[in-house]
2 protein chains.
Amino acid sequence: MSAYKDMSREELVELKKKLDQEFADIKAKGLKLDMSRGKPSVEQLNLSMGMMDVLMSDVDLTDSKGVDCRNYGVLDGLTETKQLLADMMEVPKDQIIIFGNSSLNIMYDTISRAMTHGILGSTPWAKLDKVKFLCPVPGYDRHFAITEHFGIEMINVPMTSEGPDMDMVEKLVSEDEAVKGIWCVPKYSNPQGITYSEKTVRRFANLKPAARDFRIFWDNAYGIHHLYEDHQDYLLEILMECKKAGNPDMVYKFASTSKISFPGSGIAAIASSPNNIAEILDTMKIQTIGHDKVNQLRHTRFFGDIHGMVNHMKKHADILRPKFEAVTDTLEKELGGLGIGSWMKPYGGYFISFDSMEGCAKKIVAKAKEAGVVMTAAGATFPYGKDPKDSNIRIAPSFPSQEELKMATEIFVLSVKIVSIEKILEEKPEENAVQQ
Amino acid sequence: MSAYKDMSREELVELKKKLDQEFADIKAKGLKLDMSRGKPSVEQLNLSMGMMDVLMSDVDLTDSKGVDCRNYGVLDGLTETKQLLADMMEVPKDQIIIFGNSSLNIMYDTISRAMTHGILGSTPWAKLDKVKFLCPVPGYDRHFAITEHFGIEMINVPMTSEGPDMDMVEKLVSEDEAVKGIWCVPKYSNPQGITYSEKTVRRFANLKPAARDFRIFWDNAYGIHHLYEDHQDYLLEILMECKKAGNPDMVYKFASTSKISFPGSGIAAIASSPNNIAEILDTMKIQTIGHDKVNQLRHTRFFGDIHGMVNHMKKHADILRPKFEAVTDTLEKELGGLGIGSWMKPYGGYFISFDSMEGCAKKIVAKAKEAGVVMTAAGATFPYGKDPKDSNIRIAPSFPSQEELKMATEIFVLSVKIVSIEKILEEKPEENAVQQ
């Protein structure tokens, strides 16, 4: 198939007529499909139903240290739960704190605490004239929402196939004391599925921040969320690299079991240096008496250990893999060679990132919605919801059934084609037709 | 028995010798007893074990609105859980938000949010030179820890048998714009077990605060935590009273099931006016995707409705009542008429408050510890841990067994007697002996 931009005006008009008709036919079906959020499917949720039978009234709810998990106490988490999540996060178990059900909430608290109390003795950020965060783009909208909520200025840093543009990160972090943090989803990134290269992680670990309270917010949300057995990305462990580089306190690392057991009913954790962990616990003891230990026990007994958890993730992969492939295959088959969009085929995570021609993303999402397909809002993958090129669209293939996904992707590519032709026609000089 | 102060020096010295011997005998037993925190006993925890069997792998985890509780979503809580906790808190169900496992965490977040974002458009408290909170004393140490953590100045307000000294509250709240809040445990108060009178609640509702972002932090921790069937305190519902008084936004009301189901694995909630609730949700949507709905469903199905919950609380009362009575009976029997301490007999809640002679509380707690009894630190019931009279001691009778409690209370009264005699002897002029 030839690229759209090489086609004549007539050809494009003719093609559009045909595509419009196809679109009208599909629209008439009145579908309701959702590819907007990274929600596990019902089939995936069913994988963890055994967790409901682990703790029953005839089971002893005492942990390995003799703690009655039904009562108050234990601020940092059960010993065995810390071990399990430390293994999951590839950190020592004394450098981890188990929280409640949401790693997002830990990130919010971490920023909030820095706002009101600073970090390891630094000036509270709320008392500074200006606080800035670096935001690799495209990125995760909920990260950006937190920093926006606290009035933190966000600076876009372009992603490359190896992670954020590190020349830019190094320059901004070392030159500007107002730069206090950077949001990272370092493995199977949201939305592109990119894993930071070893070189990128080492450059992160060796940053020379102007601000001593600069922190890397390392949201390793998809650490064990592979799609393939035979092709898995490998991420260098950042805490150890920072320690080696003489920057032990520079990273907060986040993770949860939201996409391992049940989203919203899982357990989340932070890992960091002993100094940072001690400071966090110092605030936590004011904030709460402790998190839900019964749920910690339930998770630990269900998975057993990291081997059990890894095996569990293979079952998720078996459900997710065909969905991801259905989308990327359709994109390749329908849009390959047309020059109206690009995308990456991820090896893990929850998203496929699509880049349309400039100025088309919002229209494509709107067009798909006409036919009943809800996508993540265009722009959502950028701070302030503003994609400067209006081209990035996040596709979340996990929740719909295989059948729904096929339909939704067809509507999506149809929308891409129609909007792209409209764009090309707008820009193609009328003369073009005359010249032929 | 005559009051110690009326006894001669010789009599006191003689008595002390006898008590010291008794104390030495008990100390030699090397006991380890804990009356320090309001922890439910194992017997109480067992009451809720049925909750572990409510949700199993063969049970549908869909709520009454068709929400799959295993997946992301629902920021404010399940409909049926909101109904249950709204009934428990005596508020309309659209004025409540269900949170995670800790009402303390909600209070912390509420203060933290006011610090960084103000309340309904007011200046963020962190940007003000001075923020003050009124603290009815004796009160709950964890409340005071939150306000201290945020650098909020705390002002002691004495408790009366009807609640805080409202003359003082009215004056401070109406005259000082820096006064932004007051901590209240209005029913079976921590530690005295006092329930605010109707008049007190009405005076609260009719406050005329100088600060438009003044809020009453109404921690109704013991709303249904009665000890008796035939004598229950009644608390006027503050949200409605505030609405009637034209102060609808003036109260944040907190509660949890920590001492109903499992402490640390229960569910907590805030209730407030529609304006306040909308503002809280506006921040919550940045903070989290939602709280643990599986645990909400588990609680709701276990209790069924408020009737089920009230019946459940009767079982708690049956376990707690003899413990409270064991303590108050011993206090009465051993200390009655001695003039060295006073206490109240509560009809609910988790504590018995004891007031020693001035300047004796720290020594009594230390003395009891010598014999293996851990009490709440003296001073803990006051802001900054400073009891100006050094006389208040909080007794928590819930956790120990009946046998342990009997022993611990004996050690406690022995400690009170010994320390009181020492105090009287210190102050009694030597001449006293001569004059006889």
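Note that these values count all heavy atoms, side chains included, but never hydrogens, waters or copies made by symmetry. Please read these numbers as outputs of a predicted model, since none were measured by experiment. In the text below, chain A, chain B and the rest are named by the order of the sequence lines, each starting its count at 1.
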J.: Which pair of non-hydrogen atoms, one from Arg70(A) and one from Pro263(B), has the smallest distance, and what is that distance?
T.: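 Of all heavy-atom pairs spanning Arg70(A) and Pro263(B), the closest is O-CD, 3.0 Å.
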J.: Determine whether Glu148(B) and Ile286(A) satisfy the following criterion, side chain to side chain contact (heavy atoms under 4.5 Å, CB included), listing intermediate values before the conclusion.
T.: CA-CA 10 Å; Glu148(B) 184 173 3; Ile286(A) 308 290; over 6 Å; no
J.: For the candidates Asn295(B), Val294(B), Val54(B), which exhibits the highest count of non-hydrogen atom pairs separated by less than 4.5 Å from chain A?
T.: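 Among the listed options, the one with the most contacts to chain A is Val294(B).
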J.: What option among Gly100(A), Pro40(A), Ser48(A) has the most heavy-atom pairs under 4.5 Å with chain B?
T.: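 Most pairs with chain B among the choices: Pro40(A).
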J.: For the backbone of His149(B) and the side chain of His117(A), can you confirm whether one donor and one acceptor N or O come within less than 3.5 Å of each other?
T.: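 It does hold such a pair.
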J.: Sort Phe150(A) into side chain, backbone, both or neither according to what part of it lies under 4.5 angstrom from a heavy atom of chain B.
T.: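 Both the backbone and the side chain of Phe150(A) come within 4.5 Å of chain B.
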J.: Quick check for you: to the nearest 0.5 Å, what is the distance between Asn101(A) atom CG and Asn101(B) atom CG?
T.: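 Reported value, rounded in 0.5 Å steps: 9.0 Å.
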J.: Measure distances from Leu61(B) to the heavy atoms of chain A and classify the residue's part below 4.5 Å as side chain, backbone, both or neither.
T.: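 Side chain only.
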J.: Tell me, out of Met284(A), Lys39(A), Met52(A), who's got the most heavy-atom pairs with chain B below 4.5 Å.
T.: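 Answer, by heavy-atom pair count under 4.5 Å with chain B: Met52(A).
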J.: Which answer fits Val59(A), side chain, backbone, both or neither, if we ask what part of it has an atom under 4.5 Å from a heavy atom of chain B?
T.: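 Backbone only.
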J.: Counting only heavy atoms closer than 4.5 Å, note whether Lys127(B) contacts chain A via side chain, backbone, both or neither.
T.: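 Contact with chain A involves the side chain of Lys127(B) alone.
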J.: Between Lys259(A), Arg37(A), Gln296(A), who has the most heavy-atom pairs with chain B when the cutoff is under 4.5 Å?
T.: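 The option with the most such pairs is Lys259(A).
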J.: Could you tell me which non-hydrogen atom of Tyr72(B) sits nearest to which non-hydrogen atom of Gly38(A), and how far apart they are?
T.: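 Tyr72(B) and Gly38(A) have their closest heavy atoms at CE1-O, 3.6 Å.
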J.: Quick one: what part of Asn46(A) sits under 4.5 Å from any heavy atom of chain B, side chain, backbone, both or neither?
T.: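 For Asn46(A), backbone and side chain are both near chain B.
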J.: Under 4.5 Å heavy-atom distance to chain B, tell me which part of Phe262(A) shows up: side chain, backbone, both or neither.
T.: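 Both backbone and side chain of Phe262(A) come within 4.5 Å of chain B.
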J.: I'd like to know which of Ser57(A), Pro124(A), Gly50(A), Gly290(A) tops the heavy-atom pair count under 4.5 Å against chain B.
T.: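 That would be Ser57(A).
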J.: What distance separates Leu45(A) CG from Asn71(B) CG, expressed to the nearest 0.5 Å?
T.: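 Separation between the atoms: 4.5 Å.
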J.: If you round to the nearest 0.5 Å, how far is OG1 of Thr288(B) from CD1 of Ile106(A)?
T.: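 One finds 10.5 Å between CD1 of Ile106(A) and OG1 of Thr288(B).
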J.: Check whether Ser102(B) gets within reach of chain A through its side chain, its backbone, both or neither, counting any heavy atom under 4.5 Å.
T.: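 Just its side chain gets close to chain A.
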J.: Heavy-atom pairs under 4.5 Å with chain B - which of Lys293(A), Arg113(A), His291(A), Gln44(A) has more of them than the others?
T.: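 Most heavy-atom pairs within the cutoff with chain B belong to His291(A).
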J.: Heavy-atom distance under 4.5 Å to chain B: side chain of Met56(A), backbone, both or neither?
T.: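 Both the backbone and the side chain of Met56(A) come within 4.5 Å of chain B.
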J.: Under 3.5 Å, side chain of Asp53(A) to main-chain N/O of Asp58(B), donor-acceptor pair present?
T.: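 Not confirmed, Asp53(A) side chain does not pair with Asp58(B) backbone.
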J.: Between Met49(A), Met51(A), Gln287(A), which shows the greatest number of heavy-atom pairs under 4.5 Å with chain B?
T.: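 Between Met49(A), Met51(A), Gln287(A), the count favours Gln287(A).
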J.: Work out which heavy atom in Ser112(B) is nearest to a heavy atom in Ser112(A); give both atom names and the distance.
T.: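 Smallest interatomic distance, heavy atoms only, reads OG-OG, 3.2 Å.
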J.: Does Glu43(A) have more than 12 heavy atoms from other residues, nucleotides or ligands lying within 6.0 Å of its CD?
T.: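 Open.
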J.: Whether the side chain of Asp109(A) engages the backbone of Asp109(B) through a donor-acceptor N/O pair (distance < 3.5 Å, no angle test) should be reported.
T.: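 Not confirmed, Asp109(A) side chain does not pair with Asp109(B) backbone.
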J.: Which answer fits Arg298(B), side chain, backbone, both or neither, if we ask what part of it has an atom under 4.5 Å from a heavy atom of chain A?
T.: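 Contact with chain A: side chain only.
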J.: Using heavy-atom distances under 4.5 Å, tell me whether Asp68(A) contacts chain B through its side chain, its backbone, both, or neither.
T.: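 For Asp68(A), side-chain heavy atoms alone lie under 4.5 Å from chain B.
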J.: Sort out for me which of Asp282(B), Thr116(B), Val74(B), Val42(B) touches chain A most, counting heavy-atom pairs under 4.5 Å.
T.: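 Of the options given, most contacts go to Thr116(B).
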J.: Looking only at non-hydrogen atoms, find the nearest pair between Asp292(A) and Ser265(B) and report the distance.
T.: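 Scanning both residues completely, I find the closest heavy atoms to be OD1-OG, 2.7 Å.
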J.: Which of the residues Ala126(B), Gly73(B), Gly264(B), Ser103(B) is involved in the greatest number of heavy-atom pairs with chain A at under 4.5 angstrom?
T.: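 Answer, by heavy-atom pair count under 4.5 Å with chain A: Gly264(B).
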J.: Check whether Asn105(B) gets within reach of chain A through its side chain, its backbone, both or neither, counting any heavy atom under 4.5 Å.
T.: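 Its backbone and side chain both get close to chain A.
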